[in-house]
Structures are given as structure tokens and as C-alpha cells.
> 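Quick one: the structure is below, questions incoming.
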Amino acid sequence: MKRQKREKKIQEVAVSISEKPVIKVAAICGSLRKASYNRGLIRAAIELSKEQIEGLHVEYVETALLPMLNTDLEVDGKFPAEVEEFRQKILEADCCLFASPDYNYSVTPILKNALDWGSRPPNVWAGKTAAAVSAVGGGRRAQYHLRQIGVFLDLHFINKPEFYMNAHRPPGKFNADGDLVDPETKDNLKEMLLSLQAFTLRIQEKC
């Protein structure tokens, strides 16, 4: 019954945003591991956007090649090539999806570095909507800190639904390759993506 109600709500939201502009989502992972569950959540989001959510395009944006923030690397008002490419992808997106574990009650170094490079003038995060997901329960602490950072960066996070899970608790929700296979978790992720889509459209209509 609970799942049926959720599916009905998802369908209602999907209908309300049909025939709207395509929303581009820049998906950023705070983990570098190949089989990272958080990376698996992004892959699942990409799959859902292709197969089940009309008007939403999720693109994974790589952060592993970004150098550590060092303003000495900015020459004549230009950034290193990897940074320029990253910043351009964020600029072209309507909103952002962050997937990250918790490192010492905060966001991971790779994610913080990406946030810092994007914030260099002109700030490419400004005015964009955002959502955060975490594959482990401790990730909620990283999400709270990410929201605090987002205040200064002028990122507008959706409030609900929150998305964090405990991937290590049986039954298994990911396969050996780190791909999300649990139907209920996919439903929750889809609900969050629809919320991000609807919120982004509302913000754009007011601008």
C-alpha cells in the first residue's frame, strides 16, 4: 500500500511536468572508487532519467582530474584546461546532483575541491538548484555540511525528500559492480529526481 501511494505521487508529479523544457543535471560524485555505491547511485539516476523520467537529462561530471585548488594556476584570468572544462559543464547545467559519503563529519576532499574551483569568480554554482544523495547513513552529516557550503555558493537545495541509505545493511542493494539493483531504493531515487526537476522548473519560471 505504501509503495502504491508513492508510485501514485510520482506519477502525479511526472504528469505535472510533462511538456516542459528539458532539465540538465550535472551529477558529481564525492568518491573516487570504481565500485563506489555513491557512484552507483549516479549511474542509477542516469538510467532513470533515460528510461522513466521525461524532460530530465543527467550527465556525470568527472572531478578526478581536477588539480588541487591553487590560485597560482590561474594565469591571465584563465584556469587550467581540466578546470575550464569542469566549470563549463556546470554552467551549462540547470541543476546539480551530489552523491557523496561522509568523511570525518564533512564532505570528501574531492568534492570540496570541485566546489572550490567552481566558486572561483565568476561563481558557476550561483542560482542553480541542487539535491544530495548518500549511500550510507553517515552521509547525512556530509549532506548537512554541503547545504551549509551551498548557502555561500548560492546553491538552492531541495528540502524533501532527503535521500540517504545504508548500503551495507542486508539485503544487498547493490551488485558486485556497485550498480543499484534494489527496486524500492530506485523508487526513492526517482521521487527525489522528480522533486529536483519540479523545483528547478519553479525557480526558472520565477526568473
Side-chain angles (χ1 to χ4, degrees), residues 24-51 56-70 80-90 93 95-119 124-125 130-150 153 155 157 161-193 196:
K24 297 179 181 179
V25 185
I28 300 167
C29 185
S31 176
L32 296 176
R33 290 194 314 111
K34 285 185 178 181
S36 161
Y37 291 152
N38 287 285
R39 196 177 293 266
L41 288 176
I42 288 180
R43 288 196 299 273
I46 293 173
E47 180 182 342
L48 286 168
S49 71
K50 290 180 178 179
E51 300 177 357
L56 191 74
H57 175 73
V58 181
E59 178 184 359
Y60 174 67
V61 180
E62 184 61 74
T63 57
L65 299 179
L66 294 176
M68 288 301 295
L69 180 69
N70 180 355
E82 299 87 350
V83 176
E84 290 281 8
E85 182 179 357
F86 171 78
R87 287 170 57 87
Q88 187 60 36
K89 286 186 177 294
I90 303 303
C95 55
C96 300
L97 173 65
F98 298 97
S100 183
D102 158 277
Y103 278 19
N104 300 318
Y105 276 56
S106 185
V107 297
T108 61
I110 190 72
L111 177 54
K112 184 59 166 60
N113 189 51
L115 291 167
D116 290 343
W117 272 122
S119 72
V124 298
W125 307 108
V133 297
S134 299
V136 292
R140 73 187 70 180
R141 297 187 290 258
Q143 289 189 26
Y144 294 155
H145 197 183
L146 178 59
R147 288 172 180 272
Q148 288 180 314
I149 296 170
L153 298 184
L155 275 168
F157 280 87
E162 293 183 313
F163 187 103
Y164 44 82
M165 53 185 290
N166 193 333
H168 303 293
R169 181 177 298 170
K173 297 172 178 59
F174 295 83
N175 62 21
D177 296 321
D179 297 319
L180 182 64
V181 294
D182 180 62
E184 184 176 358
T185 304
K186 286 187 177 182
D187 286 344
N188 292 338
L189 182 59
K190 181 179 179 180
E191 183 179 2
M192 191 219 63
L193 289 171
L196 175 61

> Shortest non-hydrogen contact from Phe86 to Ala114?
CE2-O, 3.5 Å

> Once rounded to the nearest 0.5 Å, what's the spacing between atom CG of Asn113 and atom OG1 of Thr63?
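The OG1 atom of Thr63 is 8.0 Å from CG of Asn113, to the nearest 0.5 Å.
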
> Applying ring pair (Phe, Tyr, Trp, His ring centres under 6.0 Å), can you list everything that pairs with Phe174, at least two apart in sequence or on another chain?
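With sequence neighbours excluded, Phe174 shows a ring pair (Phe, Tyr, Trp, His ring centres under 6.0 Å) to Tyr37, given in chain and number order.
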
> With sequence neighbours excluded, what pairs up with Lys112 under the salt bridge (charged side-chain N to carboxylate O under 4.0 Å, His left out) test?
Asp116

> Closest approach of Tyr164 and Val136, non-hydrogen atoms and distance?
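Scanning both residues, the minimum pair turns out to be CB-O, 4.2 Å.
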
> Might you point out which heavy atoms bring Leu193 and Leu56 nearest each other, and give the distance in Å?
CB-CD2, 4.1 Å

> Strictly by salt bridge (charged side-chain N to carboxylate O under 4.0 Å, His left out), give each pair with a member in residues 98-111 just once, sequence neighbours left out.
Asp102-Arg141

> I'd like to check the salt bridge (charged side-chain N to carboxylate O under 4.0 Å, His left out) partners of Lys89; sequence neighbours left out, ordered by chain and number.
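For Lys89 the salt bridge (charged side-chain N to carboxylate O under 4.0 Å, His left out) partners, ignoring immediate neighbours, are Glu59.
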
> I'd like to know if the side chain of Ser106 and the backbone of Tyr103 have a donor-acceptor N/O pair within less than 3.5 Å.
no

> Apply salt bridge (charged side-chain N to carboxylate O under 4.0 Å, His left out) to Arg87 and list each qualifying residue two or more places apart in sequence or on a separate chain.
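Once residues adjacent in sequence are excluded, Arg87 has no partner under the salt bridge (charged side-chain N to carboxylate O under 4.0 Å, His left out) criterion.
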
> Among residues two or more places apart or on two chains, list those pairs meeting salt bridge (charged side-chain N to carboxylate O under 4.0 Å, His left out) that have a residue in residues 24-40.
none

> Answer whether the closest heavy-atom distance between the side chains of Leu146 and Leu115 falls below 4.5 Å.
yes

> Once side-chain contact (heavy atoms from CB on, under 4.5 Å) is applied, do any residues pair with Ala93, and if so which ones, sequence neighbours excluded?
Ala26

> Which heavy atom of Trp117 sits nearest a heavy atom of Pro80, and at what distance?
CH2-CD, 4.4 Å

> Sequence neighbours left out, what passes side-chain contact (heavy atoms from CB on, under 4.5 Å) with Ala176? Give chain and number order.
none

> Locate the shortest heavy-atom distance separating Leu41 from Ser134; write the atom from each residue and the value.
CD1-C, 3.9 Å

> Quick one: does any side-chain atom of Asn38 pair with a main-chain N or O of Cys29 as donor and acceptor, under 3.5 Å?
no

> Side chain to side chain donor-acceptor pair (under 3.5 Å) with Ser36: which residues, sequence neighbours excluded?
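By the side chain to side chain donor-acceptor pair (under 3.5 Å) rule, Ser36 matches Ser31.
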
> To the nearest 0.5 Å, what is the distance between CG (Leu48) and NZ (Lys50)?
11.5 Å

> Just by distance, do the side chain of Asp182 and the backbone of Gly172 share a donor-acceptor pair under 3.5 Å?
no

> Holding to side chain to side chain donor-acceptor pair (under 3.5 Å), I want the full list of residues that pass it with Glu85, two or more places apart in sequence or in another chain.
none

> Using only atom types and a distance under 3.5 Å, with no angle test, would you say the side chain of Arg147 pairs donor to acceptor with the backbone of Ala132?
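Side chain of Arg147 to backbone of Ala132: no pair is present.
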
> Among all residues two or more places apart in sequence or in another chain, which pass the side chain to side chain donor-acceptor pair (under 3.5 Å) test with Thr108?
none

> State, with a plain yes or no, whether a side-chain heavy atom of Met165 is found less than 4.5 Å away from one of Lys173.
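Yes - at least one pair of side-chain heavy atoms lies under 4.5 Å apart.
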
> By side chain to side chain donor-acceptor pair (under 3.5 Å), which residues pair with His57, not counting sequence neighbours?
none

> Quick check for you: to the nearest 0.5 Å, what is the distance between Ile110 atom CD1 and Leu32 atom CG?
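Taking CD1 in Ile110 and CG in Leu32, the distance rounds to 4.5 Å.
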
> Show, in sequence, the C-alpha distance, side-chain angles and deciding distance for Leu111 and Ile28, and conclude whether the side-chain contact (heavy atoms from CB on, under 4.5 Å) test is met.
CA-CA 8 Å; Leu111 177 54; Ile28 300 167; 4.0 Å; yes

> Give me the atom names and distance for the closest heavy-atom approach of Phe98 to Ala130.
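Where Phe98 meets Ala130 most closely, the heavy atoms are CE1-CB, 4.0 Å.
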
> Judged by atom type as modelled, is there a donor-acceptor pair below 3.5 Å linking the side chain of Asp177 to the main-chain atoms of Asp179?
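Not at all, since once roles are kept as given, no pair shorter than 3.5 Å links the two residues.
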
> Do Thr185 and Phe163 come close enough that some side-chain heavy atom pair is under 4.5 Å?
yes

> Heavy-atom count around Asn70 CG within 6.0 Å, excluding the residue itself: above 12?
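Check passes, neighbour count above 12.
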
